[in-house]
Colleague: 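Questions regarding the structure given below will be posed in turn.
Just so we're on the same page: letters track the sequence lines, and every chain starts at 1. Nothing here was measured: the structure is a model prediction, and the numbers come from that model.
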There are 2 protein chains.
Amino acid sequence: MRYVQRAEYGVRPATSVDESDPLFVQAIARAMRVLSAFHDTGKPLTLNEIAAGSGMDKSAAQRVVHTLRQLGYVQRDADDRGYVPGIRILDHTRDYLRLNPLVSRASPVLLELRRNVRERVDLSLRDGLRLVYAARLQSKRETFFATLVGQSVPIYCTSGGRAVMAHMSDAEVDDVIARSDRRKITPRTITDPDAIRAKVREARQNGYALALEEVLQGEIAIATAILSPGGTPLGAIHIAGSLSEWDAETFCRRFAPLATEAAGALNRF
Amino acid sequence: MRYVQRAEYGVRPATSVDESDPLFVQAIARAMRVLSAFHDTGKPLTLNEIAAGSGMDKSAAQRVVHTLRQLGYVQRDADDRGYVPGIRILDHTRDYLRLNPLVSRASPVLLELRRNVRERVDLSLRDGLRLVYAARLQSKRETFFATLVGQSVPIYCTSGGRAVMAHMSDAEVDDVIARSDRRKITPRTITDPDAIRAKVREARQNGYALALEEVLQGEIAIATAILSPGGTPLGAIHIAGSLSEWDAETFCRRFAPLATEAAGALNRF
DNA sequence: TCAAAAGTATCGCTATGCAATACCTTCGTA
DNA sequence: TACGAAGGTATTGCATAGCGATACTTTTGA
């Protein structure tokens, strides 16, 4: 049984801190750390790997894995060679998506957008320094990872990220830039703070943001921000195509109005 | 802020049992019970509702919710009126999908299938008495719920379910039928054991299964099973369309060969 | 065939997190 | 604008849940 590599452009969620406050239940944190051990792998994990990957001893890992297994959140690999995440996870995926008003409201808008644009259309939601894809309507040919709900990308170097930053104050933008681990994901990833700020200004003027294979070779993407009633950017709508079929100018001329219109439909209540 | 109703055709996961084995960490089970409280609601929950919905007192719910919140698995509703599932859940969704070889292998096949068929194409995986949707490629017009990863449907009355049952022994089929909570989801849901068995035999003969608005009014669906190397059915590929556009016969003639071919591509390694 | 790795089981001690209770805040109604 | 109820937050002493060390069984691959 073959396993797919992990996407090299994935972003780690802000794993932040657990201090010692009296209400914090560390057993729960451990469970989540065990589940998060799978973020870093492309294949099933053994108990010891889980223990190592989540920074606990074998004993602790054993108990946690045992429990999660009983509950269906972890299961044995198809040919019993290691542990993988369990299907019960998807039940919570559904709840998340259903109960997120943005996702449910965006759904018909995205569908409509996808009908006009014949390219990939995504909805992403902001989580700290990253955008997490919550809905993906793929086009004809796609890579597997471009179909994955839950995939995340950095804010600092993506069309969606810059669309989001365009609606933040300069100070906030600087903060995002400063805290981001800015590394070149592709040769064309923009990592220089001033260059990023320039792209953000550009996005503010245009009303949409553009990125050229900064995350994925050969990919062109434009995005528009989705705002809360108060004006805080919550996420973005993306349209992504291939540079083998489009040049930047045509892509923008053709799709920017549609992307803007879609975001507009979501931003006025 | 408006919230969508929960889908009336959802299926509860087998919540089974936790006995008192020494390795079982009940704090983890509680956390998952809290998260599962959202399965039954269409709107954000208050602390007390969570407590009630997961069968624990306010104190316990408080600690668990607090912890899950710190970790990002629960968050406050957009306008701070209650709790909803948190975005960190999607990180695990991604891991589940990535690490499930069936999903990754099926992905290109589904995409290809969707290209030929211009209708909705789904991949579902078996979990006990239900099928859980793991990948969904929607057609032009869709209901919101038909786009949801993690949505689940019963085995006993769906095209996918019967495609799966077609590859089980008669005894196993009887077992599924017996344990299923067979209720009419629509007027056309088939609930009679003998009628179900007849449909399963039909699926065995045809190599695919058919269902006519047994779960959703106006929906026609055919499905083929995906098998493990050993021959156990693991899930199904579905093609779903609208009865306003298709009659059963044409739908089958047109799509059955394609569905069969797609499943075939996955079943031979 | 054998050693190493993976998984399973046991057990006594104490830190963990339980549950009761009380306090603070927000919201809708009068 | 005052009031009551519901929602959310904080504290604390005690019992037990679950920690972690260790040892045993099974599987794997060299």
Colleague: If you find the nucleotide of DNA chain C closest to E49(A) and the one closest to Q26(A), which residue's nucleotide is nearer the 5' end?
Modeller: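 Whichever sits nearer the 5' end wins; that is E49(A).
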
Colleague: Taking atom types as they are modelled, is there a donor-acceptor pair under 3.5 Å from the base of dG7(C) to the side chain of R76(A)?
Modeller: no

Colleague: Return the orientation label for the H92(A) and Y73(A) ring planes: parallel under 30°, perpendicular over 60°, tilted otherwise.
Modeller: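 Geometry flag for Y73(A) against H92(A): parallel rings.
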
Colleague: For the pair made of CZ in R81(A) and C1' in dT28(D), what is the distance, rounded to whole Å?
Modeller: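 Roughly 8 Å, once rounded to whole Å.
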
Colleague: Ignoring hydrogens and angles, does a donor from either the side chain of T46(A) or the base of dA6(C) sit under 3.5 Å from an acceptor on the other?
Modeller: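 No pair found.
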
Colleague: Take the protein atom CG of L47(A) and the nucleotide atom P of dT26(D), then report the distance between them rounded to whole Å.
Modeller: 17 Å

Colleague: Is it the case that dG20(D) (base atoms only) and K58(A) (side chain only) share a donor and an acceptor within less than 3.5 Å, ignoring hydrogens and angles?
Modeller: no

Colleague: Separation of L23(B) atom CG from dG20(D) atom C1', in whole Å?
Modeller: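 Rounded to whole Å, this separation is 12 Å.
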
Colleague: Nearest to the side chain of S59(A) - dT9(D), dG20(D), dG17(C)?
Modeller: dG20(D)

Colleague: When the distance from CD1 of I28(B) to C1' of dC19(D) is rounded to whole Å, what number comes out?
Modeller: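 Interatomic distance, CD1 of I28(B) to C1' of dC19(D): 12 Å.
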
Colleague: Roughly how many Å is it from CG in D57(B) to P in dT21(C), rounded to a whole number?
Modeller: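 The distance from CG of D57(B) to P of dT21(C) comes to 11 Å, rounded to the nearest Å.
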
Colleague: Using a strict cut-off of less than 4.0 Å between a Lys/Arg side-chain nitrogen and an Asp/Glu carboxylate oxygen, indicate whether R98(B) and D95(B) qualify as a salt bridge.
Modeller: yes

Colleague: Flag the pair D80(A) and R76(A) as a salt bridge only when some basic side-chain nitrogen lies within less than 4.0 angstrom of an acidic carboxylate oxygen.
Modeller: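 So D80(A) pairs with R76(A) through a salt bridge.
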
Colleague: Are side-chain N/O atoms of S152(B) and R130(B) paired as donor and acceptor at under 3.5 Å?
Modeller: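 Checked: S152(B)/R130(B) side chains pair up, N/O donor to acceptor below 3.5 Å.
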
Colleague: Between P on dT8(C) and CD on Q62(A), what's the gap in Å once rounded to a whole number?
Modeller: 8 Å

Colleague: Counting side-chain heavy atoms from CB outward, which of dG20(D), dG18(D), dT16(C) is closest to V25(B)?
Modeller: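 Out of dG20(D), dG18(D), dT16(C), the nucleotide with an atom closest to V25(B)'s side chain is dG18(D).
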
Colleague: Quick check on DNA chain C: between R30(B) and Y83(A), whose nearest nucleotide comes earlier from the 5' end?
Modeller: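 Of the two residues, Y83(A) wins.
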
Colleague: We want to know whether S169(A) and E172(A) form a side-chain donor-acceptor pair, criterion being a heavy-atom distance below 3.5 angstrom.
Modeller: yes

Colleague: To the nearest Å, how far apart are N48(B) CG and dT25(C) P?
Modeller: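 One finds 18 Å between P of dT25(C) and CG of N48(B), rounded.
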
Colleague: Can you tell me the distance, in whole Å, between the CG atom of L45(A) and the C1' atom of dA5(C)?
Modeller: 15 Å

